[in-house]
Amino acid sequence: MSTVLPILKFKQCLITSIHRHLEDEEVSRFQDELLEKVGFCETRYVVIDVSALEIVDTYMTRVLSGLGKSCWMMGSRLVLCGLQPEVAITMVEMRQAITNVQPANDLEHALEIVEADAFAAEGGSI
């Protein structure tokens, strides 16, 4: 079975991008693959770039929220970057509680958040 989306590892950070619409089954596989890597790599940060998403449905919103909680429980921090206005509005209108997720404007902002957090936590870089 092939990987749904590439997940890159950089030091203690996993970086991935949802760059196309995913069917519900693919979303579930992506969630499983990402959490498996979080556990295997003992990562402290996960950055998901969703800037290419123009729409989200209830399932995707629920999975992103669940990923935030799951990453937090596994000792990682999830940064979600690149939310387009329409997607952010839809997620809010769905009234799905998005907790344990740090929003960022874009990938550069997300990596700045990660670096600042790592520096504050350990006085060093990621």
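Computed from a predicted structure; not experimentally measured. Start at 1 with the first residue, then count along the sequence.
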* Structure fact -> All heavy atoms of Gln31 vs all of Leu67, minimum pair found to be CG-CD2, 3.8 Å
* Asked: Looking at side-chain heavy atoms only, is the closest gap between Cys13 and Val47 below 4.5 Å?
  -> yes
* Asked: Are Tyr59 and Ile48 co-members of a hydrophobic cluster defined by side-chain heavy atoms under 4.5 Å apart?
  -> yes
* Within the side chain of Thr90, is there an N or O that forms a donor-acceptor pair under 3.5 Å with the backbone of Glu86? -> yes
* Please confirm whether the backbone N or O of Leu107 pairs with a side-chain atom of His109, one donor and one acceptor, at under 3.5 Å? => no
* Asked: Between Arg20 and Glu26, is the closest basic N to carboxylate O distance under 4.0 Å?
  -> yes
* **N/O donor-acceptor pair under 3.5 Å between Thr43 side chain and Gln12 backbone** => yes
* When rounded to the nearest 0.5 angstrom, what is the spacing between CE in Met91 and CE in Met60? -> 9.0 Å
* Measure the OG-CD1 distance between Ser51 and Ile18 for me, rounded to the nearest 0.5 Å. => 10.5 Å
* Under 3.5 Å donor-acceptor, Ser70 side chain and Gly66 backbone -> yes
* Can you name the closest pair of heavy atoms from Thr16 and Pro6 and give their distance? -> OG1-O, 2.7 Å
* Would Asp117 and Arg77 count as a side chain to side chain contact (heavy atoms under 4.5 Å, CB included) if you check the C-alpha gap in whole Å, the side-chain angles of each, and the deciding distance to 0.1 Å? -> CA-CA 10 Å; Asp117 188 73; Arg77 183 174 178 195; 2.8 Å; yes
* Interatomic distance, Leu14 atom CG to Glu33 atom CD [nearest 0.5 angstrom] -> 12.0 Å
* Is the backbone N or O of Ala118 less than 3.5 Å from a side-chain atom of Tyr45, with the two atoms forming a donor-acceptor pair by type? -> yes
* Asked: In Å, rounded to the nearest 0.5 Å, how long is the span from NZ of Lys9 to SG of Cys41?
  -> 5.5 Å
* To do: Heavy atoms only: give me the nearest Lys69-Thr99 pair and the separation to one decimal.
  => CE-OG1, 3.2 Å
* Give the minimum heavy-atom separation between Cys71 and Val46, together with the two atoms involved. => SG-CG2, 3.9 Å
* Asked: Do Val87 and Ile55 touch side chain to side chain, with heavy atoms closer than 4.5 Å?
  -> no
* To do: Begin with the C-alpha distance, continue with both residues' side-chain angles, and end with the deciding distance and a verdict on side chain to side chain contact (heavy atoms under 4.5 Å, CB included) for Leu34 and Ile7.
  => CA-CA 7 Å; Leu34 183 62; Ile7 302 170; 4.0 Å; yes
* To do: Verify, without hydrogens or angle tests, whether Thr3 (side chain) and Leu5 (backbone) share a donor-acceptor contact under 3.5 angstrom.
  => no
* Side chains of Asp49 and Leu80: does their closest heavy-atom pair fall under 4.5 Å? -> no
* **pair Asp106-Cys81: side-chain heavy atoms closer than 4.5 Å** => no
* Between Met74 and Leu78, is there a shared hydrophobic cluster once you connect ILVMFWY residues whose side-chain heavy atoms come closer than 4.5 Å? -> yes
* **Met94 versus Thr58, closest heavy-atom pair with distance** => CE-N, 3.4 Å
* To do: Kindly check if the number of other-residue, nucleotide or ligand heavy atoms within 6.0 Å of CD (Glu112) is above 12?
  => yes
